[in-house]
Amino acid sequence: MKGHEPKMPRMEDILNLPVQDPPCAEFSSAHIKWVKVEGGRQGGDDIALIPFARVDDFVKGESSNAECPASFRIESRRKRSEGSISKPRVDGYLEYTLYWCSYGPEDYRDSESGNGDGSNAKPASGKGSRPGRRHMMRGCLCHFTVKRLYTRPLLALIIYNQRKHVDKTGAPCHGILDRDALGTRAMYAPRISEELRQKVMSMLYVGISLDDIIHHHMELVQGHGGPHNRDDFLTRNDVRNMERVVRNSSHELHADDECSVRMWVQRHQKHVFYFQDFSVSEPFILGIQTDWQLQQMLHYGHNGLVAFHSTFGLKKLKHPLSTLLVFDSSQNAMPVAWIITSSLVDQDIHKWIVPLAERIRAKDPRWRPNAFLVDGPSFDISTIRENFQCRVLLCIWHVRRAWMRSLLKNCYNVDVQREMFKHLGLVLYSSRSVPNALDTVEEFMQVFVDQCAFMDYFKRRWLPYIESWVNGMRSLSMASPEPLAAIESYHLRLKSKLFNEQNANFWLRVDWLVHTLTTEFHSLYWLYQYNVETGYFANLRDDSFSTNAWYQALHIPDVNVILDEQNLQLAKVISQADRTLAYTVRNPGSEFSLCDCPWSGLGNLCKHVIKMAILYKNRQVARPLLTAQVYRQTLLALLQNPPDDPLVLEHATLHATRLQQDIKGLEELSNNGLLQPLSPEGNPQMAVMFPHLP
């Protein structure tokens with residue numbers, strides 16, 4: 001009966017509608033349960049609520065309609081600032097965007113064929129002529145409106161005014177349902193996809209020629225049986241137009257650097273997850289993440305590691321650069337976000353890390369890393385834990401690198417280098433077992449007082465901050481050496497790209513830094529990943545991606561390692577290229593090892609040091625890592641100096657005694673040569689989280 005028909009909701013009821021968030025990466029109107037609204041300006045239209053962060057996913061999904069492939073352009077856009085309305089309507093907006101199918105609303109089919117009377121020469125939307133679009137205008141009326149709600153800024157109201165791709169007669173006007181479009185490009189989307197455009201642009205930025213791009217594209221199209229969509233019709237003219245864009249692109253959008261950066265942000269809003277402009281009271285902060293970087297973070301960061309590479313270019317750049325990194329299947333560090341700030345990045349992390357975490361979880365609510373690595377002791381750890389919901393580890397890659405390079409520069413005796421490097425490691429790690437860690441620092445400076453050059457450097461550069469590092473070591477667990485090598489490799493690649501003397505005149509311009517990162521440097525990583533996935537363009541890949549010490553160490557056979565049971569201070573690793581050559585590793589198995597190979601001689605973390613750390617951790621054939629040594633000392637000290645609280649005493653004694661027995665058992669097995677290596681883990685990054693465990 002008519003009286004029992006469900007009543008259509010009124011516009012006042014929209015906030016009572018469910019917020020729909022389909023689990024797929026991109027979704028369309030077919031994935032949404034639509035509701036027709038009664039009355040008001042949108043009476044009879046279909047409406048739905050989705051998270052505002054997923055509007056782009058919806059637009060992409062709608063453009064991939066199998067029957068009517070399309071490309072939705074922004075026909076009009078309006079914005080309001082918060083607080084501009086005292087009594088907003090329930091459907092009042094902060095942002096209003098009208099999307100229209102690119103095959104409409106004008107219809108030039110008759111005029112293009114010469115049969116029309118020219119009555120449609122004036123576009124229906126009143127925007128004047130559309131140069132270059134006449135050939136694709138077929139009168140399509142499909143369009144929808146997106147409102148970012150004023151009272152609920154995290155939600156978007158989609159108002160679908162016309163869901164079908166039809167003209168004013170109600171007939172299909174493009175796609176496979178339009179008979180007149182069969183055999184023409186009107187069967188497909190009017191433009192190449194954003195993904196293909198970014199792919200071609202990246203190829204151009206790394207120097208692949210127009211002819212090679214077209215040849216490669218034709219191979220791919222033929223490989224899947226001929227053209228199936230608009231992307232398969234990529235032409236030389238398409239590539240030539242993009243080549244012209246690359247050639248004419250410039251970082252300097254305005255003579256004033258601050259204005260230039262603002263203009264870049266306005267043009268690339270979807271790549272900016274946080275922006276705080278220059279002001280007297282607030283620091284400049286710009287957070288950048290491209291769509292491709294977001295995909296890599298979702299893929300490799302989930303159940304993996306996320307690491308900080310902070311304050312790069314502190315002395316040369318106008319504002320230092322920080323990078324968030326993830327580690328791919330080859331243990332290469334991949335940049336998945338860049339943060340440029342005029343203040344220290346650890347001071348304002350709470351401002352940008354929240355929108356970044358929201359951006360990620362808007363794509364995948366289940367996303368969660370195993371651990372977050374910070375390279376400084378002053379970060380707001382609670383903010384990181386709260387937003388990334390994982391444990392935080394301290395990573396000392398740049399401390400180790402700085403100390404090692406200074407030792408190589410200022411100390412020429414190899415044995416003294418080894419002992420000093422070992423003591424420097426103990427300065428940090430003993431903070432967990434010694435009540436006053438500064439006593440260890442004083443002891444180090446007295447023992448090596450004759451090393452004047454290094455001591456002057458240490459006192460000037462590190463002594464003022466050593467207490468902060470000691471406190472950080474006490475409060476945070478340590479990451480093992482493996483990711484240090486990957487982070488260091490990224491650091492060297494970034495340094496090589498940005499600090500070329502040819503660019504010295506641009507170092508103090510932020511717009512140059514942003515442009516270089518998002519074009520040439522970004523394209524290097526895109527090409528590397530594309531080569532890994534497809535095998536194409538291997539000859540153009542940056543060779544430095546193959547020199548990551550972590551990845552190389554995993555491919556050194558155990559039989560290439562020679563251990564001296566009489567002298568555990570030394571180990572040798574036979575070269576894979578020349579088996580007559582063996583490199584000596586001093587303090588093997590420690591994070592503060594030294595190797596005599598050429599790469600280590602430049603102050604870098606080499607594959608031989610990483611191999612020894614992995615081997616010792618897996619087999620426990622000798623001294624464990626410094627972290628494990630200090631951990632064991634702390635447990636034994638707990639037994640000798642028990643706490644006063646009986647409950648704490650009972651719990652601590654139980655665990656300490658058990659671990660003491662386990663350690664003793666492992667030592668006996670190792671001494672008898674009976675301890676076997678652990679089976680390899682499915683995820684090598686998991687070992688980084690637990691460096692103290694065998």
Side-chain angles (χ1 to χ4, degrees), residues 25-26 51-60 63 73-74 77 79 95 97 146 148 192-206 242 245-246 249-254 257-277 284-301 306 309 319 321-326 334-341 345 351-364 494 497-498 509-527 529-530:
E26 297 175 3
F52 179 74
R54 302 214 62 192
V55 169
D56 285 345
D57 297 332
F58 175 76
V59 175
K60 290 179 180 179
S63 300
R73 69 174 182 275
I74 296 177
R77 171 178 279 168
K79 290 187 178 182
E95 298 180 27
T97 309
V146 175
R148 184 179 188 181
I192 63 173
S193 66
E194 182 65 19
E195 289 74 16
L196 179 60
R197 195 183 79 83
Q198 289 297 325
K199 174 182 175 180
V200 173
M201 294 284 280
S202 295
M203 289 180 175
L204 291 169
Y205 275 118
V206 296
M242 286 184 273
V245 171
V246 170
S249 65
S250 171
H251 68 271
E252 194 170 318
L253 302 178
H254 192 280
D257 185 42
E258 296 182 11
C259 293
S260 185
V261 171
R262 291 190 201 103
M263 292 174 66
W264 187 92
V265 170
Q266 291 172 356
R267 296 181 184 183
H268 302 83
Q269 290 189 14
K270 70 176 184 177
H271 295 159
V272 177
F273 64 85
Y274 186 81
F275 178 58
Q276 181 173 279
D277 205 351
F284 168 83
I285 305 175
L286 175 59
I288 302 171
Q289 185 180 62
T290 67
D291 290 340
W292 182 82
Q293 287 179 307
L294 176 58
Q295 293 170 12
Q296 304 309 305
M297 190 168 191
L298 289 168
H299 180 59
Y300 292 115
V306 178
H309 174 273
H319 300 315
L321 168 69
S322 296
T323 309
L324 284 185
L325 302 166
V326 295
M334 309 288 290
V336 292
W338 290 299
I339 302 95
I340 305 170
T341 174
V345 70
K351 294 184 178 180
W352 57 262
I353 203 170
V354 175
L356 178 62
E358 291 175 349
R359 176 187 175 97
I360 297 167
R361 292 207 165 86
K363 291 286 187 180
D364 184 0
L494 185 64
K497 185 64 181 176
L498 296 183
R509 287 192 68 101
V510 177
D511 58 358
W512 169 81
L513 176 60
V514 171
H515 178 78
T516 304
L517 289 174
T518 55
T519 55
E520 299 173 29
F521 195 67
H522 182 278
S523 297
L524 286 177
Y525 282 88
W526 177 90
L527 179 67
Q529 198 64 30
Y530 187 70

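Computed from a predicted structure; not experimentally measured.
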Colleague: Give the minimum heavy-atom separation between M242 and V200, together with the two atoms involved.
Modeller: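 Looking at all heavy atoms of both residues, the closest pair is CE-CG1, 3.6 Å.
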Colleague: Side chain to side chain contact (heavy atoms under 4.5 Å, CB included) for W352 and I339? Distances and angles first, verdict last.
Modeller: CA-CA 9 Å; W352 57 262; I339 302 95; 3.8 Å; yes
Colleague: Can you name the one residue among Q198, K199, E194 that meets side chain to side chain contact (heavy atoms under 4.5 Å, CB included) with L196?
Modeller: K199
Colleague: Can you tell me how far apart CG (D364) and CG (L294) are? Round to the nearest 0.5 Å.
Modeller: 10.0 Å
Colleague: Supply the atom-to-atom distance R361 CZ to L356 CG, rounded to the nearest 0.5 angstrom.
Modeller: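 Result: 10.0 Å between the selected atoms.
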Colleague: Please round to the nearest 0.5 Å and tell me the distance separating atom CZ of R148 and atom NZ of K79.
Modeller: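 Result: 8.5 Å between the selected atoms.
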Colleague: If only atom types and distance count, is the side chain of Q293 paired as donor or acceptor with the main-chain N or O of P335 below 3.5 Å?
Modeller: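 Indeed, once roles are kept as given, a pair shorter than 3.5 Å links the two residues.
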Colleague: Working note: R262 + V265, criterion side chain to side chain contact (heavy atoms under 4.5 Å, CB included); need CA distance, chi angles, decisive distance, verdict.
Modeller: CA-CA 5 Å; R262 291 190 201 103; V265 170; 5.7 Å; no
Colleague: Is the backbone of W264 close enough, under 3.5 Å, to the side chain of H268 for a donor and an acceptor to pair up by distance?
Modeller: yes
Colleague: Would you say Y205 and S249 make side-chain contact, with heavy atoms under 4.5 Å?
Modeller: yes
Colleague: Could you pull out the closest heavy-atom pair between Y274 and Q276, with the gap in Å?
Modeller: OH-OE1, 3.2 Å
Colleague: Keeping S250 on the side-chain end and E252 on the backbone end, is there a donor-acceptor pair under 3.5 Å?
Modeller: yes
Colleague: Would you call H251 and R509 a side-chain contact if the rule is heavy atoms closer than 4.5 Å?
Modeller: yes
Colleague: After noting the C-alpha distance and the side-chain angles of Y525 and Q529, does the key distance pass the side chain to side chain contact (heavy atoms under 4.5 Å, CB included) rule?
Modeller: CA-CA 6 Å; Y525 282 88; Q529 198 64 30; over 6 Å; no
Colleague: Any idea which heavy atoms bring S260 and D511 closest together, and the distance?
Modeller: OG-OD2, 2.9 Å
Colleague: With a 3.5 Å cut-off and sequence neighbours excluded, list the donor-acceptor pairs that the side chains of residues 513-523 form with protein atoms.
Modeller:
residue, atom, partner, partner atom, Å
T516, OG1, W512, O, 2.8
T516, OG1, W512, NE1, 3.3
T518, OG1, V514, O, 2.8
T518, OG1, H515, O, 3.4
T519, OG1, H515, O, 2.5
E520, OE1, K497, NZ, 2.9
H522, NE2, T290, OG1, 2.8
S523, OG, T519, O, 2.6

Colleague: In the structure I gave you, are the side-chain heavy atoms of L286 and V272 within less than 4.5 Å of one another anywhere?
Modeller: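 Sidechains of V272 and L286: in contact.
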Colleague: Can K270 and D56 be counted as an ion pair, charged N to O under 4.0 angstrom?
Modeller: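 Looking at D56 together with K270, the answer is no, because their closest N to O distance does not fall below 4.0 Å.
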Colleague: Under 4.0 Å between a side-chain nitrogen and a carboxylate oxygen: does that hold for D57 and R54?
Modeller: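 Looking at R54 together with D57, the answer is yes, because their closest N to O distance falls below 4.0 Å.
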Colleague: With heavy-atom distances below 4.5 Å as the criterion, would you say the side chains of I340 and I285 are in contact?
Modeller: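 No, their side chains stay 4.5 Å or more apart.
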Colleague: How would you list, by chain and number, every residue that makes a ring-ring contact (aromatic ring centres under 6.0 Å, His included) with H254, sequence neighbours excluded?
Modeller: none
Colleague: Decide yes or no on side chain to side chain contact (heavy atoms under 4.5 Å, CB included) for L298 and I360, but give the supporting numbers first.
Modeller: CA-CA 7 Å; L298 289 168; I360 297 167; 3.6 Å; yes
Colleague: Under a 3.5 Å distance rule, please check whether T341 uses its side chain to pair with a backbone N or O of F284 as donor and acceptor.
Modeller: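 Such a contact is found between T341 side chain and F284 backbone.
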Colleague: For V510, does its backbone N or O pair with a side-chain atom of D257 as donor and acceptor, under 3.5 Å?
Modeller: yes
Colleague: First locate atom CD of Q295, then atom OH of Y300, and finally report the distance between them rounded to the nearest 0.5 Å.
Modeller: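 Reported value, rounded in 0.5 Å steps: 11.5 Å.
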Colleague: Sequence neighbours left out, what passes ring-ring contact (aromatic ring centres under 6.0 Å, His included) with F52? Give chain and number order.
Modeller: none
Colleague: Using every non-hydrogen atom in the two residues, find where V206 and M203 come nearest and quote the distance to one decimal.
Modeller: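 It is CG2-O, 3.2 Å.
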Colleague: For R267 and L253, which heavy atoms make the closest approach, and how far apart are they?
Modeller: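 Looking at all heavy atoms of both residues, the shortest contact is NH1-CD2, 3.6 Å.
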Colleague: Could you give the distance from CE (M334) to CH2 (W526), rounded to the nearest 0.5 Å?
Modeller: 12.0 Å
Colleague: Closest approach of H309 and L494, non-hydrogen atoms and distance?
Modeller: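 In terms of heavy atoms, the two residues are closest at CE1-CD2, 4.1 Å.
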